[in-house]
2 protein chains.
Amino acid sequence: MPPQTRMTKQRRVILEELRRVTTHPTADEVYDMVRQRLPRISLGTIYRNLDVLAESGEILKLESAGNQKRFDGNIMPHAHIRCTRCGRLGDVMNVPARIPAGGAEAEGFFITGARVEFEGVCNACEVTN
Amino acid sequence: MPPQTRMTKQRRVILEELRRVTTHPTADEVYDMVRQRLPRISLGTIYRNLDVLAESGEILKLESAGNQKRFDGNIMPHAHIRCTRCGRLGDVMNVPARIPAGGAEAEGFFITGARVEFEGVCNACEVTN
DNA sequence: GTGGCTGCAAAGGGTTTGCATATAA
DNA sequence: TTATATGCAAACCCTTTGCAGCCAC
């Protein structure tokens, strides 16, 4: 049987902080947020809990472009918009159905484009299971 | 004025190898490919040239999900599909307009989903220019 | 009580960079 | 000739991991 998980103080606070914001923080940003309530928590614990919480479906580990992974306490499927300068990730609630060539203002961003990425399992991986 | 660039042997071979394949290699995969022709090239040179070539628009640095960046010698805009197991990135030429709930076989992948990511510049970055 | 969890620190993987030398233009 | 590019190696950033002690259940 799969190992049990324990709702430690650290895990609970990480989850609370992630649900409190809509900013899709990186692991070190979560670290800063949580440290204000649990000053002795370690970055390793942050990473371990983010993985556990993503694994159990309580948060989303965002498979988005960019150097650092970002996390989302809102598990409802929704699209994101990424700032190509600073990497900030915003939620997309209302976006014009058509983005004109010059760009469009929406969601606190000047939107310049969109990208579709399909995902699946390639034949090579399907064979080797 | 911007600094001039020189078409060195290394840069030319990197570009040729990238145009020869449709596999969207990572930097270290490019390294392996190029080393067969230029055994003394260094990984640092690979990274520097991939950046220069992407900057000048001769190749694409793919802003895709995943840990490692991937590069594309085909600069025509086109969508990609990523293997969630091994990270392999394929070109999307023909995909069913509708992916059924169970998934669909296409492009050498078993496609399970798709993700849209908008991109632009956030208000904070627009202000600080 | 005990197995999962923590803090700490070291290691890991991918990428960038400083420097002396080589070379395209 | 000379500024750009190279090879090498060290540094860098983000993330993962080994370990001894701790604590949720």
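Every chain is numbered from 1, with letters handed out A, B, ... down the list of sequences. All heavy atoms count here, side chains included; hydrogens, waters and symmetry mates do not.
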To the nearest angstrom, the CD-C1' distance between B/Gln68 and D/dC13 comes to 15 Å

- [ ] Determine, step by step, whether B/Arg37 and B/Glu17 satisfy the side chain to side chain contact (heavy atoms under 4.5 Å, CB included) criterion, reporting the C-alpha distance in whole Å, the side-chain angles of both residues, the deciding distance to 0.1 Å, and the verdict.
- [x] CA-CA 10 Å; B/Arg37 294 174 57 186; B/Glu17 288 300 308; 2.8 Å; yes

- Contact class for A/Leu43 (heavy atom, under 4.0 Å): base, sugar-phosphate, or nothing? base

Q) Contact class for A/Arg48 (heavy atom, under 4.0 Å): base, sugar-phosphate, or nothing? A) base

Against the side chain of B/Asp51, the closest entry in C/dT16, C/dC5, C/dC8 is C/dT16

From CD of B/Gln4 across to P of C/dA24 the rounded distance in Å is 16 Å

Nearest-nucleotide check on DNA chain C, B/Arg6 vs B/Tyr47; residue mapping nearer the 5' end is B/Tyr47

Next item on the list: Would you mind checking if B/Arg85 and A/Glu126 are paired as a salt bridge, meaning a charged N to carboxylate O distance below 4.0 Å?
Entry: no

Per atom distances to the B/Ala27 side chain, the nearest of C/dC8, C/dT15, D/dT6 is C/dT15

B/Asp28 atom CG is separated from C/dT16 atom C1', nearest whole Å, by 15 Å

Assess whether atom CZ of A/Arg88 is packed by more than 12 heavy atoms of other residues, nucleotides or ligands within 6.0 Å. no

Residue pair A/Gln10/A/Lys61 against DNA chain D: nearer the 5' end by closest nucleotide is A/Lys61

*Using a cut-off of 4.0 Å on non-hydrogen atoms, how would the nucleic acid contact of B/Lys9 be classed: base, sugar-phosphate, or nothing?*
nothing

Hey, is the side chain of A/Thr8 poking within less than 4.0 Å of OP1 or OP2 on C/dT6, counting only N and O atoms?
yes

When rounded to whole Å, the CD to P distance for the pair B/Glu55 and C/dT16 reads 12 Å

Rounded to whole Å, the CZ-C1' distance (A/Arg12 to D/dC25) equals 15 Å

When rounded to whole Å, the CD1 to P distance for the pair B/Ile46 and C/dT16 reads 13 Å

Rounded to whole Å, CZ of B/Arg40 lies from C1' of D/dA9 at a distance of 14 Å

From CD of B/Glu29 across to P of C/dG14 the rounded distance in Å is 10 Å

Note: for A/Leu38 and B/Thr45 on DNA chain C, the residue whose nearest nucleotide lies more 5' is A/Leu38

Q.
Counting the atoms with a prime plus P, OP1 and OP2 as sugar-phosphate, which does A/Thr26 contact under 4.0 Å by heavy atoms, base, sugar-phosphate, or nothing?
A. nothing

Which of C/dC8, D/dT6, D/dC8 is nearest the side chain of A/Ser42? It is C/dC8

Charged N to carboxylate O below 4.0 Å: is that the case for B/Glu55 and B/Lys61?
no

Looking for any heavy atom pair under 4.0 Å, which part of the strands does A/Asn49 touch: base, sugar-phosphate only, or nothing?
sugar-phosphate

Using a strict 4.0 Å threshold on nitrogen-to-oxygen distance, state whether A/Arg12 and A/Glu16 make a salt bridge.
-> yes

